[in-house]
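Here the structure comes first, spelled out in structure tokens, and everything after it is commentary.
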Amino acid sequence: MSNNFKATDSALGYYYQGLYALSYFMNSTQDEEAALIEDLDDVVIKNIDSKSISLKQVKHKQSSNISIKSKDLWTTLRIWCEYSKSTDIKNCTFHLISCSSIQDDSELQTLCIVDSDRTVLIEKLVTEANRVIESRKNAPSNNKPYKERYKGCESFLSLTSTKREALVNRIILRPDEFSIDDIEQKLVDSSMLHSCPPDIRILLAKKLIEWWDYEVLLFLRDKRSAIRKIELQSKISQLIQEIFSEELNESFSDKEPLNWEEELTENIKKQLDIINSGMARQKKAAINYWRAKEQRNEWLEEDLPLAVEKVRKFDRQVFEEWEFKFDSIADDNEGASDDEHIKLGKNLFDWSIAEAPSLIGPISKNWSSNFLVRGTFQIMSDDLTVGWHLKYKDKIK
């Protein structure tokens with residue numbers, strides 16, 4: 001169980017890195033910035049105009065207060081020390097981002113204040129690094145302490161005094177940062193969404209996280225070189241326009257349920273069983289039912305303007321097409337045998353899949369997918385508003 005928790009913490013920590021970069025952009029006053037995730041550091045922010053670079057170590061897991069003895073501090077210093085050995089850091093800043101706190105009287109408080117005097121802190125860091133190295137040196141070979149800290153101490157001591165001072169003077173500590181559970185509210189409260197109508201900010205935050213997650217994934221797969229803030233600004237404008245337009249987004253045409261058989265409701269299955277539909281029709285019905293149901297739920301959850309009225313009118317159109325087709329078949333096949341009823345039912349179901357989508361107008365001008373028509377028939381089949389067998393209401397009780 002404890003190993004599972006550790007794995008979860010690690011996964012959340014990696015995910016938090018991308019979300020922190022998003023939150024940073026949402027409150028930054030600089031437009032010409034680009035973010036890189038898991039590159040030179042957990043998060044790297046480059047300013048395209050000034051050529052400045054900010055390396056950010058991001059620690060999501062809350063632990064005891066950050067102190068001069070903390071593992072997170074020294075593992076971070078190791079990374080930055082090695083970087084500073086091979087790079088001119090005059091245009092660099094180094095940020096340690098943590099959800100943990102530091103004590104009011106901690107020597108690390110100076111790192112929270114930009115351009116503060118760090119002379120005393122540097123001396124204490126050197127003293128602590130020497131103490132750790134000496135303790136390991138004097139310890140038995142089979143019981144060496146400070147396994148997770150000593151390499152950072154060695155790296156720090158390996159710098160010249162001038163380079164140590166240059167590095168520490170560029171470090172900024174950000175304790176008490178938001179947790180991953182607070183990301184939506186963090187975006188809602190951001191300066192970039194402050195000018196948006198309050199009633200759409202939560203929806204915007206949710207959509208931005210979804211979009212950002214995919215962009216981060218593309219970056220991690222080397223499909224793009226960086227994520228620029230200007231892209232985020234454009235996406236926000238696009239989302240606002242979509243929310244207030246008469247168009248409805250389409251999200252499920254290329255998705256399928258994990259197990260289509262579990263999506264067959266009792267009534268949908270009964271409707272198909274009485275026409276001896278076979279497995280292929282059952283699968284088609286289940287997948288389209290799931291897609292239409294999930295798409296409708298997304299619209300309702302997002303509380304999109306005009307969505308409810310559009311769905312109501314669309315449902316009426318779907319029902320009227322079915323009603324005409326069903327009644328016409330019934331009129332033309334009075335006295336049909338049971339076998340003929342089964343065949344007619346199959347034909348009617350196949351019509352709902354193959355032909356009806358071209359007869360029924362799209363729910364909005366931007367809509368081109370067929371699954372909403374097909375799935376709406378299944379939703380109505382589930383509540384017995386429509387059916388395939390001419391005597392479906394008598395046979396399903």
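All of these numbers come straight from a predicted model, not from anything done at the bench.
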Check: [X]/[Y] side-chain N/O donor and acceptor closer than 3.5 Å:
| X | Y | answer |
| --- | --- | --- |
| Arg78 | Tyr83 | no |
| Arg374 | Thr376 | no |
| His95 | Ser54 | yes |
| Tyr15 | Asp213 | yes |
| Glu340 | Asn333 | no |
| Glu250 | Gln295 | no |
| Thr162 | Thr160 | no |
| Ser251 | Asn249 | yes |

(request) Evaluate the side-chain proximity of Asn130 to Val126: yes if any heavy-atom separation is below 4.5 Å, no if none is. (result) yes
(request) State, with a plain yes or no, whether a side-chain heavy atom of Phe324 is found less than 4.5 Å away from one of Ile329. (result) no
Using a 6.0 Å cut-off, check whether atom [atom1] of [X] has over 12 heavy atoms from anything other than its own residue.
| X | atom1 | value |
| --- | --- | --- |
| Phe178 | CZ | yes |
| Lys313 | NZ | no |
| Glu323 | CD | yes |
| Leu40 | CG | yes |

(message) Does anything in residues 134-143 form a side-chain hydrogen bond (donor to acceptor under 3.5 Å, both in side chains)? List the pairs, not counting sequence neighbours.
(response) Glu134-Asn138
Gap separating the [atom1] atom of [X] from the [atom2] atom of [Y], nearest 0.5 angstrom:
| X | Y | atom1 | atom2 | answer |
| --- | --- | --- | --- | --- |
| Ile53 | Thr93 | CD1 | OG1 | 8.5 Å |
| Asp72 | Lys59 | CG | NZ | 5.0 Å |
| Ser191 | Asn27 | OG | CG | 4.5 Å |
| Glu33 | Lys46 | CD | NZ | 13.0 Å |
| Ser106 | Ile68 | OG | CD1 | 7.5 Å |
| Ile240 | Cys196 | CD1 | SG | 3.5 Å |

Donor-acceptor under 3.5 Å ([X] side chain, [Y] main chain):
| X | Y | answer |
| --- | --- | --- |
| Ser101 | Asn65 | no |
| Asn259 | Glu261 | yes |
| Asp182 | Gln185 | no |
| Ser70 | Ser67 | yes |
| Ser158 | Ser155 | yes |
| Arg174 | Cys99 | no |

Got a salt bridge between [X] and [Y], using NZ or NE/NH1/NH2 to carboxylate O under 4.0 Å?
| X | Y | answer |
| --- | --- | --- |
| Asp273 | Lys269 | yes |
| Asp315 | Arg296 | yes |
| Lys85 | Glu82 | yes |
| Lys270 | Glu266 | yes |
| Lys206 | Glu184 | yes |

Closest heavy-atom contact between [X] and [Y]?
| X | Y | answer |
| --- | --- | --- |
| Gln30 | Ser28 | N-OG, 3.1 Å |
| Cys81 | Ser84 | O-OG, 2.8 Å |
| Ile45 | Phe25 | CD1-CE2, 4.2 Å |
| Leu193 | Arg201 | O-NE, 3.2 Å |
| Gly387 | Leu348 | O-CD2, 3.5 Å |

(message) List the residues meeting side-chain contact (heavy atoms from CB on, under 4.5 Å) with Ser352, not counting sequence neighbours, and say none if there are none.
(response) Phe349, Phe377, Trp388
(request) Any salt bridge (charged side-chain N to carboxylate O under 4.0 Å, His left out) involving residues 343-362? Give me the pairs, sequence neighbours left out, ordered by first then second residue. (result) Arg281-Asp350
(request) Using the ring of Tyr24 (Phe, Tyr or Trp, six-membered ring only), decide whether Lys56 places NZ or CZ under 6.0 Å from its centre and within 45 degrees of its axis. (result) yes
For [X], enumerate each residue passing the side-chain hydrogen bond (donor to acceptor under 3.5 Å, both in side chains) test, keeping only those at least two apart in sequence or located in another chain.
| X | value |
| --- | --- |
| Arg228 | Glu32 |
| Glu263 | Lys293 |
| Glu309 | Arg312 |

(request) Start with the C-alpha gap between Asp382 and Thr265, add the side-chain angles, then the distance that decides, and say whether side chain to side chain donor-acceptor pair (under 3.5 Å) holds. (result) CA-CA 7 Å; Asp382 183 43; Thr265 67; 2.6 Å; yes
(request) With side chain to side chain donor-acceptor pair (under 3.5 Å) as the test, would you mind laying out the steps for Asp383 and Thr385 before giving the verdict? (result) CA-CA 6 Å; Asp383 62 22; Thr385 300; 2.5 Å; yes
(request) Start with the C-alpha gap between Arg316 and Glu320, add the side-chain angles, then the distance that decides, and say whether salt bridge (charged side-chain N to carboxylate O under 4.0 Å, His left out) holds. (result) CA-CA 6 Å; Arg316 183 64 193 173; Glu320 287 179 353; 3.0 Å; yes
(message) Evaluate Glu123 against Arg164 for salt bridge (charged side-chain N to carboxylate O under 4.0 Å, His left out), listing each step before the verdict.
(response) CA-CA 10 Å; Glu123 292 174 356; Arg164 277 201 295 265; over 6 Å; no
